2 protein chains.
Amino acid sequence: MDFATHLTSNNIKPSLQRIKIFEYLYENRDHPTVETIYSDLVGAIPTLSKTTVYNTLKIFIDNGITHTVTIEDNEVRYDAIMEEHAHFKCNDCGNVFDVEIDVSGLNFKEIKSFKVEKTNIYLKGKCNKCLNKIN
Amino acid sequence: MDFATHLTSNNIKPSLQRIKIFEYLYENRDHPTVETIYSDLVGAIPTLSKTTVYNTLKIFIDNGITHTVTIEDNEVRYDAIMEEHAHFKCNDCGNVFDVEIDVSGLNFKEIKSFKVEKTNIYLKGKCNKCLNKIN
DNA sequence: TATAAAATTGTAATGATTACAAATTTAGAT
DNA sequence: ATCTAAATTTGTAATCATTACAATTTTATA
Ligand SMILES: [Mn+2]
Ligand SMILES: [Mn+2]
Ligand SMILES: [Zn+2]
Ligand SMILES: [Zn+2]
């Protein structure tokens with residue numbers, strides 16, 4: 001995966017900050033927050049500003065190479081994987097996992113008259129590791 | 001539906017504010033925000049405080065008679081209908097509709113090892129009214 | 001009625017996000 | 001290589017939702 005090329009082919013000029021932020025998102029599939037992205041990258045890019053992280057993520061979203069994960073009402077997470085998938089958050093460890101899902105099995109009623117453009121599925125519970133943990 | 005009784009049977013003392021807020025939520029199925037609830041009720045309860053709305057909704061949620069709808073990353077909506085259902089937000093008019101859904105058709109993979117306690121399904125697109133509107 | 005507990009209220013504090021203008025970097029023309 | 005304009009990044013201030021907290025009011029009980 002050539003990140004600069006990916007940005008360019010999506011009409012985003014590949015500045016250093018943009019490449020590093022996208023690379024971070026693509027490598028770290030744990031759906032980080034702005035705070036996490038910033039604090040993990042500011043070491044490698046000492047001049048990095050949190051405003052740039054916000055601006056850059058907005059550009060990514062507007063150009064369709066990133067989306068938000070709002071599984072919790074008090075934190076916005078970001079995800080560069082655009083293939084359709086669901087999310088599972090463990091109430092114990094707080095981790096957010098990707099979940100493969102087959103939405104074709106979904107059966108709606110009102111939906112006949114609506115035009116659905118995006119489907120978000122958020123699951124919560126206990127992850128495998130936390131289930132097998134001794135308390 | 002006797003709201004005071006409903007609160008009492010869920011271990012919530014039925015104060016005037018709590019009754020009115022729950023009644024509002026139950027009658028207005030459009031998933032209002034704190035701001036909407038407050039501004040719509042302050043006429044009838046002139047002493048009402050926004051803090052009370054926040055406190056009361058937290059009590060409702062902790063006692064399982066209300067839940068949040070976080071279909072948008074910049075607004076928290078509230079819902080007193082606890083029967084399982086999905087939500088659809090129209091990108092045009094902004095309304096959030098209830099959607100009957102059969103989650104039994106959902107087919108997961110990783111889920112085998114996870115314990116799912118809650119499922120939230122959020123859909124976005126265009127509602128019937130906006131689809132048939134002339135622009 | 002007197003007293004204590006519970007609920008409500010108003011204000012201040014916090015934290016995330018956005019607005020905005022200055023500084024820096026980039027790209028193109030000469 | 002130098003100049004200039006546009007784009008990008010940065011830092012700070014403003015905004016907005018939510019929470020903390022102490023004072024006030026209401027409710028329950030003796
Ligand atoms: Mn994901
Ligand atoms: Mn609903
Ligand atoms: Zn876990
Ligand atoms: Zn609509």
Side-chain angles (χ1 to χ4, degrees), chain A residues 3-5 7-8 10-25 31-63 65-78 94 96, chain B residues 3-4 7-8 10-25 31-63 65-79 94 96:
Chain A
F3 298 111
T5 304
L7 296 181
T8 303
N10 283 94
N11 306 312
I12 301 169
K13 287 194 186 163
S15 70
L16 171 73
Q17 288 85 344
R18 290 170 181 177
I19 293 173
K20 288 296 183 188
I21 291 172
F22 190 84
E23 177 184 25
Y24 182 89
L25 263 188
H31 315 92
T33 62
V34 164
E35 185 58 40
T36 307
I37 298 168
Y38 172 77
S39 55
D40 282 358
L41 284 179
V42 73
I45 315 171
T47 63
L48 186 63
S49 158
K50 206 173 281 185
T51 301
T52 299
V53 179
Y54 277 106
N55 291 342
T56 302
L57 291 170
K58 179 168 171 24
I59 291 172
F60 289 174
I61 290 170
D62 290 347
N63 289 85
I65 62 169
T66 295
H67 63 105
T68 57
V69 175
T70 56
I71 196 169
E72 211 65 72
D73 64 13
N74 61 349
E75 63 177 19
V76 179
R77 290 163 170 264
Y78 295 85
V96 174
Chain B
F3 299 111
L7 295 180
T8 303
N10 283 94
N11 307 311
I12 301 169
K13 287 193 186 164
S15 71
L16 170 73
Q17 289 85 343
R18 290 170 180 177
I19 293 172
K20 288 295 183 187
I21 291 172
F22 191 84
E23 178 184 26
Y24 181 89
L25 263 188
H31 314 91
T33 61
V34 164
E35 184 58 41
T36 307
I37 298 168
Y38 172 77
S39 56
D40 281 358
L41 284 179
V42 72
I45 315 170
T47 63
L48 185 63
S49 160
K50 206 174 281 185
T51 300
T52 299
V53 179
Y54 277 105
N55 291 342
T56 303
L57 290 170
K58 179 168 172 23
I59 291 171
F60 290 174
I61 291 170
D62 290 347
N63 289 85
I65 62 169
T66 294
H67 63 106
T68 57
V69 175
T70 57
I71 196 169
E72 211 67 70
D73 64 13
N74 60 350
E75 63 177 19
V76 179
R77 290 163 171 265
Y78 294 85
D79 190 345
V96 174

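Just so it is clear, the values below take in all heavy atoms, side chains as well, and ignore hydrogens, waters and symmetry mates. Quick caveat, the model's predicted, so the values are computed rather than measured. Throughout, a chain's letter reflects where its sequence line sits, starting with A, and its residues are numbered from 1.
- At least one side-chain heavy atom of B/Ile65 sits less than 4.5 Å from a side-chain heavy atom of B/Ile12.
- Axis angle, first five pairs versus last five pairs of the helix from C/dT1-D/dA30 to C/dT30-D/dA1: 20°, rounded to 10°.
- Summarising the geometry, the separation between NZ on B/Lys58 and C1' on D/dA17 is reported as 16 Å, rounded to the nearest angstrom.
- Put simply, OG1 on A/Thr70 and OH on A/Tyr78 are 10.5 Å apart, with the number rounded to the nearest 0.5 Å.
- Taking both residues in full, the closest heavy atoms of A/Pro14 and A/Thr8 are given as CG-OG1, 3.6 Å, listed atom of the first, atom of the second, then distance.
- Two residues are said to be in side-chain contact when any heavy atoms from C-beta on lie closer than 4.5 Å; B/Leu57 and B/Leu25 meet this criterion.
- In this structure, the CG atom of B/Asn11 is 12 Å from the P atom of C/dA7, given to the nearest Å.
- Put simply, the side chain of A/Thr52 does not reach to within 4.5 Å of the side chain of A/Ile45, judged on heavy atoms.
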If the sugar-phosphate is the primed atoms plus P, OP1 and OP2 and the base is the rest, what is the B/S/- string for nucleotides 3-13 of chain D, using protein heavy atoms under 4.0 Å? ----SSSBBB-

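- Nucleotide D/dT18 holds its C1' atom 5 Å from the OH atom of B/Tyr54, rounded to whole Å.
- Taken to the nearest 0.5 Å, the OG1 atom of A/Thr56 stands 8.0 Å off from the CG atom of A/Leu48.
- In this structure, the CD1 atom of B/Ile61 is 10 Å from the P atom of D/dT19, given to the nearest Å.
- If you take CD1 of B/Ile21 and C1' of C/dA7, they are 12 Å apart, rounded to a whole angstrom.
- For the pair A/Asn74 CG and D/dA20 P, the interatomic distance rounds to 12 Å; values are reported in whole Å.
- To the nearest 0.5 Å, atoms CD1 (A/Ile21) and OG1 (A/Thr66) are separated by 10.0 Å.
- Closest non-hydrogen pair, A/Val96 versus A/His31, comes out as O-ND1, 3.2 Å.
- Between A/Glu75 atom CD and D/dT19 atom C1' the separation is 17 Å, expressed in whole Å.
- Between A/Asp73 atom CG and D/dT18 atom C1' the separation is 10 Å, expressed in whole Å.
- Under 3.5 Å, the side chains of B/Thr33 and B/Thr36 contain a donor-acceptor pair of N or O atoms.
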